[in-house]
Peer 1: 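Got a structure for you, written out below as structure tokens; questions coming shortly.
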Amino acid sequence: MKCALVTGGSRGIGNAICEKLSQDSSYHILINYYSNKEEAENTLEKVIANGATGEILKFDVANFDEVKSVLTQWQEANPEAIVEAIINNAGITKDGLFMWMSLEDWSSVINTSLNGFFNVTNFFMQKMLRNKYGRIVNIVSLSGVKGTAGQTNYSAAKGALIGATKALAQEVAKRNITVNAVAPGFIRTNMTSNLDEKELIKMIPVNRFGEAEEVADLVSFLVSKKSSYITGEVININGGIYS
Ligand SMILES: NC(=O)c1ccc[n+]([C@@H]2O[C@H](COP(=O)([O-])OP(=O)(O)OC[C@H]3O[C@@H](n4cnc5c(N)ncnc54)[C@H](OP(=O)(O)O)[C@@H]3O)[C@@H](O)[C@H]2O)c1
């Protein structure tokens, strides 16, 4: 059984990626979530409705011990399963000016995006190298590319993840494993629901927020065999915002 693991697959972009992969690939979809069981179940229903298979794995990507224990149990229960694709999508924002930023707001954002990448990807790395094939896609952000005022923590987490993407890509390229980052601009999800869309679209040449499905289409391409010669890249998907 060949699998694709999507972290934060319960809502938003992660949910759209699970759905898209269930249409475009033959992977068994591993849907990770943190707190929204019902939304994770909705995602699984859509995956199954598309004729694919999948299952739900609950863990906090930021918690090394929890990730290790859930994934170890899963791998022991499914010894033949091979995770060929990992989409590190789980992420949070805790916005605020840096001068007032608490250690908790700094750490939780870094722990989720950056340490989450380590905790999940590192678990599978040796197996993926032995398998001599793999696809890793890290969902970063425009903020990690250009920096955004009010998001020093988030920009740092995503910027660091871009560095990790480029470094790991070079380590594992010989084994047919690609590692890429996708950097969305403003995408219509819960994460952006409190933003002033009317005001913000003034700086987006395409004149609208993007849809999660549009990001999922790009991820699906990067997960496919068609993208074999693309690695270590950061692909912007932001409606033309110069970055
Ligand atoms: N929306 C945008 O405009 C935008 C732009 C650039 C980049 N991004 C990035 O795209 C990714 C998805 O964002 P989104 O807009 O889809 O956000 P969202 O709608 O808020 O969904 C976040 C997802 O991440 C999961 N999650 C959060 N913390 C987690 C943890 N510790 N462990 C496991 N799962 C966790 C959530 O699970 P639960 O449902 O269980 O809480 C949820 O499925 C993030 O990395 C974000 O930084 C988004």
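First listed ligand is number 1; within each ligand, the first listed atom is number 1.
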Peer 1: Quick one: which ligand 1 atoms are inside 4.0 Å of a heavy atom on Asp60?
Peer 2: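 Selected atoms, number and element: 30 (C), 31 (N), 32 (N).
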
Peer 1: Which atoms from ligand 1 have a heavy atom of Pro184 less than 4.0 Å away?
Peer 2: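 Selected atoms, number and element: 5 (C), 6 (C), 7 (C).
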
Peer 1: Under 3.5 Å, is there a donor-acceptor pair between the side chain of Thr231 and the main chain of Val179?
Peer 2: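 Answer holds: yes.
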
Peer 1: Between Thr112 and ligand 1, does any nitrogen or oxygen pair lie at a separation below 3.5 Å?
Peer 2: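 Between Thr112 and ligand 1, no N or O pair is found under 3.5 Å apart.
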
Peer 1: What is the closest protein heavy atom to atom 32 (N) of ligand 1, and at what distance does it sit?
Peer 2: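 The closest heavy atom on the protein side is Val61 N, 3.0 Å.
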
Peer 1: Does any N/O atom on Ser141 come nearer than 3.5 Å to any N/O atom on ligand 1?
Peer 2: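 No; every N/O pair is 3.5 Å or more apart.
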
Peer 1: Is Lys158 in polar range of ligand 1, meaning some N or O pair under 3.5 Å apart?
Peer 2: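 By distance alone, the answer is yes.
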
Peer 1: Within a distance under 4.0 Å of any heavy atom of Ile187, pick out the atoms of ligand 1 and give their elements.
Peer 2: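 Near Ile187, the atoms of ligand 1 are 1 (N), 2 (C), 3 (O).
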
Peer 1: Could you identify the single nearest non-hydrogen protein atom to atom 26 (N) of ligand 1 and state the distance to 0.1 Å?
Peer 2: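 Checking every protein heavy atom, the shortest distance to atom 26 (N) of ligand 1 gives Ala90 CB, 3.9 Å.
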
Peer 1: Just jot down the ligand 1 atoms closer than 4.0 angstrom to any heavy atom of Asn190, in number order.
Peer 2: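 Counting atoms of ligand 1 from 1, those under 4.0 Å from Asn190 are 19 (O).
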
Peer 1: Side-chain contact, heavy-atom cut-off 4.5 Å: Leu57 with Leu71?
Peer 2: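 Of all side-chain heavy-atom pairs linking Leu71 with Leu57, at least one is under 4.5 Å.
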
Peer 1: Could you walk me through whether Glu39 and Arg11 pass the salt bridge (Lys or Arg N to Asp or Glu O under 4.0 Å) check?
Peer 2: CA-CA 6 Å; Glu39 297 287 345; Arg11 290 182 287 124; over 6 Å; no

Peer 1: Nearest protein heavy-atom contact for atom 15 (O) of ligand 1: which residue, which atom, what distance?
Peer 2: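 Ranked first by proximity to atom 15 (O) of ligand 1 is Thr189 OG1, 2.5 Å.
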
Peer 1: Which residue from Val140, Ile13, Thr192 reaches closest to atom 48 (C) of ligand 1 through any of its heavy atoms?
Peer 2: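 Nearest heavy atom to atom 48 (C) of ligand 1 lies in Ile13.
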
Peer 1: For atom 44 (C) of ligand 1, which protein heavy atom lies nearest, and how many Å away is it?
Peer 2: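 Answer, as residue, atom name and distance: Asn89 O, 3.1 Å.
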
Peer 1: Which ligand 1 atoms does Ser35 reach within 4.0 Å, using its non-hydrogen atoms?
Peer 2: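 Listed by number with element: 38 (P), 40 (O), 41 (O).
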
Peer 1: When Glu197 is tested against each of Arg208, Lys202, Arg188 for salt bridge (charged side-chain N to carboxylate O under 4.0 Å, His left out), which residue passes?
Peer 2: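 Only one of Arg208, Lys202, Arg188 forms a salt bridge (charged side-chain N to carboxylate O under 4.0 Å, His left out) with Glu197, namely Arg188.
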
Peer 1: Closer than 4.0 Å to some heavy atom of Ile92 - which atoms of ligand 1 meet that?
Peer 2: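 Heavy-atom distances to Ile92 below 4.0 Å select 27 (C), 28 (N).
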
Peer 1: Could you identify the single nearest non-hydrogen protein atom to atom 4 (C) of ligand 1 and state the distance to 0.1 Å?
Peer 2: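 Checked against all protein heavy atoms, atom 4 (C) of ligand 1 sits closest to Gly185 O, 3.9 Å.
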
Peer 1: Report the nearest protein non-hydrogen atom to atom 8 (N) of ligand 1: residue, atom name, distance rounded to 0.1 Å.
Peer 2: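 It is Tyr154 OH, 3.5 Å.
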
Peer 1: Can you name the residues that form a ring pair (Phe, Tyr, Trp, His ring centres under 6.0 Å) with Phe64, not counting sequence neighbours?
Peer 2: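 None.
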
Peer 1: Between Glu84 and Lys2, is the closest basic N to carboxylate O distance under 4.0 Å?
Peer 2: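 Yes, Lys2 and Glu84 are salt-bridged.
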
Peer 1: Relative to the heavy atoms of Phe59, which atoms of ligand 1 are at a distance of less than 4.0 Å?
Peer 2: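 Every atom of ligand 1 under 4.0 Å from some heavy atom of Phe59: 32 (N), 33 (C).
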
Peer 1: Compare every heavy atom of Asn32 with every heavy atom of Gly8, then report the nearest pair and how far apart it is.
Peer 2: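 What the structure gives for the nearest pair is N-OD1, 3.0 Å.
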
Peer 1: When you compare ligand 1 with Ser113, is there at least one nitrogen or oxygen pair between them that comes in under 3.5 angstrom?
Peer 2: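 No, since none of the N or O atoms of Ser113 sits under 3.5 Å from an N or O of ligand 1.
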
Peer 1: Report yes or no: does Asn153 contribute a side-chain atom to a donor-acceptor pair with the main-chain N or O of Asp105 at less than 3.5 Å?
Peer 2: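 A pair under 3.5 Å: yes.
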
Peer 1: Between Ser10 and Asn36, do the side chains contain an N or O donor and an N or O acceptor separated by less than 3.5 Å?
Peer 2: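 Not at all, the side chains of Ser10 and Asn36 share no donor-acceptor pair under 3.5 Å.
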
Peer 1: Hey, is Asn32 one of the residues with a heavy atom under 4.0 angstrom from ligand 1?
Peer 2: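 The answer is yes: ligand 1 sits under 4.0 Å from a heavy atom of Asn32.
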
Peer 1: Could you tell me the residue and atom name of the protein heavy atom closest to atom 23 (C) of ligand 1, and the distance to it rounded to 0.1 Å?
Peer 2: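 For atom 23 (C) of ligand 1, the nearest protein heavy atom is Gly8 O, 3.9 Å.
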
Peer 1: Around atom 20 (O) of ligand 1, find the nearest protein heavy atom and jot down its residue, atom name and distance.
Peer 2: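 Sorting protein heavy atoms by distance from atom 20 (O) of ligand 1 puts Arg11 NH1, 3.4 Å first.
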
Peer 1: What part of Phe186, side chain from CB on, backbone N/CA/C/O, both or neither, has a heavy atom under 4.0 Å from ligand 1?
Peer 2: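 Backbone only; the side chain of Phe186 stays clear of ligand 1.
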
Peer 1: Which ligand 1 atoms, with their elements, are less than 4.0 angstrom from a heavy-atom of Asn36?
Peer 2: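 Once the distances to Asn36 are compared, the set is 38 (P), 39 (O), 40 (O), 41 (O).
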
